S.K.: 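Here's a structure for you.
Just follow the structure's listing: the first ligand is 1, and inside any ligand the first atom is 1. Every heavy atom of this structure was used, including side-chain atoms; hydrogens, water molecules and symmetry mates were not. Index from 1, following the sequence. All of these numbers come straight from a predicted model, not from anything done at the bench.
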Amino acid sequence: MKTVRLAMIGFGNVGQGFAQLLVGEGNRLRQQYGLDFKIVAVSDRTKGSLHRTSGLEPQALLDAVRQAGDFSALSEDTTAWDALQTIQNAPCEAVLELSDTNLQTGEPALTHIALALRLGRHVVTANKGPAALRYPELARLAHTHGCQLGVEGAVMSGTPAIHLGLDLLRAAVIRRVEGILNGTSNFILTQMEAGLEYAAALRQAQELGYAEADPSGDVEGYDAAAKLAILSAVLFGETLPLEKIQRQGITALSQADLASAARRSERWKLVASLERRGETLQAQVAPVSLPLSHPLAGVSGATNALVYTTDLLGPVTLIGPGAGRLETAYALLTDLLAIFSAGSA
Ligand code: HSE
């Protein structure tokens with residue numbers, strides 16, 4: 001049995017989802033992979049910081065947060081470490097970076113990730129800021145320090161968009177990427193088609209943990225644009241500044257627009273696309289009224305879809321959950337398994 005010690009930076013939706021996965025799947029992972037994942041430290045900006053070398057009980061973390069909204073019930077494991085001190089001091093093989101996404105600066109996640117990699121710790125993150133803004137540089141840093149950086153959860157939550165494009169399609173050249181990459185806006189459009197008001201649909205998306213802390217990023221297309229930037233950086237090695245991505249969200253769409261599309265046998269979707277044209281990459285996010293026969297038209301709720309158009313295989317389509325706490329936590333687990341189950345760590 002190999003013990004993999006983890007430090008978690010951030011214990012919000014996704015962090016709690018990860019703890020829940022360890023509670024439910026820990027035994028299976030030990031049996032199936034011989035891997036015992038132990039959370040040895042957690043640091044959350046508002047809930048507090050904890051450290052226990054022998055491992056914190058994931059269920060105790062969840063109970064504490066459910067009861068008091070913070071870690072005050074776990075006082076014997078409390079430490080004064082902030083996020084950077086946690087990364088520095090916690091004896092761990094991997095850091096789970098789960099602080100809030102910031103698409104302007106990537107901070108504070110960028111600093112957390114760079115520090116962890118410099119210390120030779122693997123990093124797994126669902127944070128879109130650093131992946132969209134600085135992935136190639138961070139991947140080089142990881143390589144230099146003999147460790148790995150997993151960002152699967154940053155695009156389509158647990159649906160393996162990154163592994164499909166980067167690993168499974170490595171024998172082909174991806175020419176075009178097109179998809180529905182924001183679960184919140186797709187969920188809102190679906191609920192509005194069913195008769196719900198925009199504000200109520202957005203509230204539901206927030207309650208279900210789909211929306212960002214600031215949901216304007218979802219409904220105005222910034223989140224989908226960031227995911228295009230991540231795909232560009234990870235798959236093509238090219239950083240795509242967010243301001244170079246033409247972007248329009250769903251906020252101008254009314255129930256009347258959706259109803260009139262339905263009368264034309266069409267459906268509005270927020271479509272993100274990325275295509276290589278000569279030397280340049282063209283990227284855009286925009287609402288498009290698709291005929292019902294279009295493969296993306298049938299994708300509803302928080303589900304995402306992605307079509308990789310390749311030279312050797314033509315289009316390859318992936319459809320699956322695009323948001324949610326367990327779904328995103330699942331992505332962290334797939335990255336951890338990719339790092340630790342192959343004997344590469
Ligand atoms: N807010 C994002 C979405 C979460 O709705 O798709 C997953 O990245």
S.K.: Going by distance only, is there an N or O of Thr184 that falls short of 3.5 Å from an N or O of ligand 1?
M.R.: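 By distance alone, the answer is yes.
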S.K.: List ligand 1 atoms under 4.0 Å from Lys227, heavy atoms only on the residue side.
M.R.: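 It comes down to these atoms of ligand 1: 2 (C), 3 (C), 6 (O), 7 (C), 8 (O).
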S.K.: Let me confirm one number: the OG1-CD distance from Thr190 to Gln204, rounded to the nearest 0.5 Å.
M.R.: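 Output value for this atom pair is 11.0 Å.
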S.K.: What I want to find out is whether Lys128 reaches Asp223 closely enough, with some N-O distance under 4.0 Å, to be called a salt bridge.
M.R.: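 Looking at Lys128 and Asp223, the cut-off is met.
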S.K.: Which ligand 1 atoms, with their elements, are less than 4.0 angstrom from a heavy-atom of Asp223?
M.R.: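 Result: 2 (C), 3 (C), 6 (O).
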S.K.: Where the closest heavy atom to atom 2 (C) of ligand 1 is concerned, which of Gln206, Glu212, Met156, Arg325 has it?
M.R.: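 Comparing heavy atoms across Gln206, Glu212, Met156, Arg325, the nearest one to atom 2 (C) of ligand 1 lies in Glu212.
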S.K.: When you measure from atom 7 (C) of ligand 1 to each heavy atom in Ala213, Gly322, Pro215, Gly183, which option holds the nearest one?
M.R.: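 When every heavy atom of Ala213, Gly322, Pro215, Gly183 is considered, Gly322 comes closest to atom 7 (C) of ligand 1.
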S.K.: Using a cut-off of 6.0 Å, state whether more than 12 heavy atoms not belonging to Glu197 lie near its atom CD.
M.R.: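 No - once you tally the heavy atoms of other residues, nucleotides and ligands closer than 6.0 Å, there are 12 at most.
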S.K.: Specify the protein heavy atom at minimum distance from atom 8 (O) of ligand 1: its residue, its atom name, and the distance to 0.1 Å.
M.R.: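 Of the protein heavy atoms, Lys128 NZ, 2.7 Å lies nearest.
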S.K.: Taking side chain to side chain contact (heavy atoms under 4.5 Å, CB included) as the test, write out the residues that go with Ala233, two or more places apart.
M.R.: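 Expected list: Tyr135, Pro136.
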S.K.: As an exercise, identify every atom of ligand 1 less than 4.0 angstrom from a heavy atom of Asp218.
M.R.: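 Near Asp218, the atoms of ligand 1 are 1 (N), 2 (C), 3 (C), 5 (O).
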S.K.: Looking at residues at least two apart in the chain, or sitting in another chain, which of them share a side-chain hydrogen bond (donor to acceptor under 3.5 Å, both in side chains) with Glu193?
M.R.: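 Checked Glu193 against side-chain hydrogen bond (donor to acceptor under 3.5 Å, both in side chains); matches are Arg267.
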S.K.: Looking at Arg140 and Glu137, is there a salt bridge between them, counting it only when a charged N and a carboxylate O are closer than 4.0 Å?
M.R.: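 Salt bridge: no.
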